[in-house]
Participant: 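Quick one: structure below, then a few questions.
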Amino acid sequence: RRRVAPRASVWGWRGIASIAAPVAGPEMRSTAMAETPAGVARAKIVSVSARPIGAKPYQTPPRAVALDARRAAAARWRRAFAPSSGVPMILDPRRHAYRPDLADETLDGLIAAARFVAGAAALVTAPVAALRRAPDPGAPLESEALAGERVRVFARRADGWCWIQLERDRHVGYVPGSALGPAGQAATHVLRVPRSFVYPAADVKTPPLSWLPMGARFAAAPADERFLRLVGGGFVIARHAVGIDEAPATDFVAVAEMFLSAPYLWGGKTGLGLDCSGLVQVALDAAGRAAPRDSDMQEAELGHPVSDL
């Protein structure tokens, strides 16, 4: 599943940002940030003046700390593709949220956009949310966001479509706003079978309320020896899930074989339909290894040359 996507070239890779943070009293710190073509970030204190005795130390606002953390995470992704020469840096629009009118604030200084925003944290509340290339139900399916997946919402349209970025693999696209909810309690469990139902009571004879795909994350507590009680309501068979902190699967090939009867679906990631790179990503995720979404990314970041057999 190889994609050829439009690209944006970014010049001026050296000296990407300059940050000045005011402090208590006459003290002023100016931090110069630079990133080399190889992607090695450096920071140095340009000047520090004395702070009067008794003055309160400057505390970085929480939002600035969060932005710095997001910028660092974005830079780690970009370093995988940073050129070794002076050619322009390429920002893949599949994993970087930018449009002419709007962009992720972590890209400020790297690309041109009319406005930069932080985005709002949200959670996928539907069993599966179709991540599409455009805000249209007939648009190509880029990927799927699974229940419990954390996302960042950069724009909400009047017709209900949201422009988002997945936090796990950084894929960008549009999903229906009805598939999202507020970012709530941290997940405690993850589903480790291809599919499982959500029941209204701890009884498999009751009509299911919904279902969950492999990789779905949720907060739950034991209801009895057979069921987990979901924080948001409903019950899941306990043996179908494992704790977030429990050891992952040891054989990702065995995980992949669980989908032998699943039909092919371009952009899919569940037992109802999935594509080749989606199968690789889901199987590796179950084995505790993060993987990018598309096959060209997987080849570049995970693959190793092999001799002909």
Side-chain angles (χ1 to χ4, degrees), residues 121-132 135 137-153 160-162 164-169 171-221 223 227-244 249 255-256 258-259 261-275 277-286 293:
L123 201 69
V124 178
T125 53
V128 181
L131 187 73
R132 299 197 180 275
L141 184 65
E142 289 289 293
S143 186
E144 289 181 323
L146 307 182
E149 195 160 357
R150 294 186 176 273
V151 307
R152 190 160 290 274
V153 181
W161 286 94
C162 294
I164 70 165
Q165 183 173 37
L166 308 183
E167 289 196 359
R168 288 183 62 78
D169 64 13
H171 228 70
V172 177
Y174 293 86
V175 299
S178 58
L180 303 178
Q185 183 176 336
T188 59
H189 293 76
V190 59
L191 203 74
R192 280 295 175 252
V193 294
R195 292 176 301 279
S196 188
F197 288 118
V198 177
Y199 298 95
D203 184 354
V204 295
K205 296 180 181 179
T206 58
L209 298 172
S210 184
W211 67 283
L212 295 172
M214 178 182 286
R217 286 164 166 75
F218 50 88
F227 283 90
L228 295 171
R229 183 194 301 271
L230 305 183
V231 169
F235 297 81
V236 172
I237 296 174
R239 60 187 175 86
H240 289 178
V242 297
I244 287 289
V255 175
M258 298 170 71
F259 293 90
S261 61
Y264 182 88
L265 174 65
W266 176 274
K269 286 178 53 176
T270 77
L272 297 181
L274 72 176
D275 59 22
S277 55
L279 175 63
V280 170
Q281 187 185 51
V282 169
L284 287 177
D285 178 72
R293 178 60 182 89

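Every value quoted in this text rests on a predicted model; they were computed, and no experiment measured them.
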Participant: Under the side-chain contact (heavy atoms from CB on, under 4.5 Å) rule, collect the residues that match up with L209, sequence neighbours excluded.
Facilitator: P200

Participant: When rounded to the nearest 0.5 angstrom, what is the spacing between OG in S143 and NE2 in H171?
Facilitator: 5.5 Å

Participant: Under the side-chain hydrogen bond (donor to acceptor under 3.5 Å, both in side chains) test, which residues partner Y199, sequence neighbours left out?
Facilitator: none

Participant: A130 and P176: which non-hydrogen atoms are nearest, and at how many Å?
Facilitator: O-CD, 4.0 Å

Participant: Please report the closest heavy-atom contact between M258 and P194, naming both atoms and the distance.
Facilitator: CE-CD, 3.3 Å

Participant: Test your reading of the model: is there a side-chain donor-acceptor pair from E144 to the backbone of K269, 3.5 Å cut-off?
Facilitator: yes

Participant: For residues A241 and L228, report the shortest heavy-atom separation together with the two atoms involved.
Facilitator: CB-CD1, 4.1 Å

Participant: Would you say V128 and W211 make side-chain contact, with heavy atoms under 4.5 Å?
Facilitator: yes

Participant: Is the backbone of E167 close enough, under 3.5 Å, to the side chain of R150 for a donor and an acceptor to pair up by distance?
Facilitator: no

Participant: Run the salt bridge (charged side-chain N to carboxylate O under 4.0 Å, His left out) test against R217 and tell me which residues pass, sequence neighbours left out.
Facilitator: D285

Participant: Counting only heavy atoms not in F259, do more than 12 sit closer than 6.0 Å to its CZ atom?
Facilitator: yes

Participant: Would you name the heavy atoms of L274 and G278 that are closest together and state the gap between them?
Facilitator: CD1-C, 4.4 Å

Participant: Can you check whether I237 reaches F227 side chain to side chain, under 4.5 Å on heavy atoms?
Facilitator: yes

Participant: Taking M214 as the fixed residue, which of V255, T270, V190 is the one that meets the side-chain contact (heavy atoms from CB on, under 4.5 Å) rule?
Facilitator: V255

Participant: Can you name the side-chain contact (heavy atoms from CB on, under 4.5 Å) partners of L212, sequence neighbours left out?
Facilitator: A147, L191, V198, A216, F218, V236

Participant: Would you say the side chain of Y264 lies within less than 4.5 Å of the side chain of D275, judging by non-hydrogen atoms?
Facilitator: yes

Participant: Which pairs pass side-chain hydrogen bond (donor to acceptor under 3.5 Å, both in side chains) with one or both residues in residues 179-190, sequence neighbours excluded?
Facilitator: none

Participant: If you take all heavy atoms of P182 and L123, which pair is closest and at what distance?
Facilitator: O-CB, 3.7 Å

Participant: Under 4.5 Å between any side-chain heavy atoms of P207 and F197, yes or no?
Facilitator: no

Participant: Residues in side-chain contact (heavy atoms from CB on, under 4.5 Å) with V151, at least two apart?
Facilitator: A122, V124, V153, I164, L166, L180

Participant: Looking at A262 and G271, what are the two nearest heavy atoms and their distance?
Facilitator: CB-O, 3.5 Å

Participant: R195 vs L272, test: side chain to side chain contact (heavy atoms under 4.5 Å, CB included). Steps then yes/no.
Facilitator: CA-CA 9 Å; R195 292 176 301 279; L272 297 181; 4.1 Å; yes

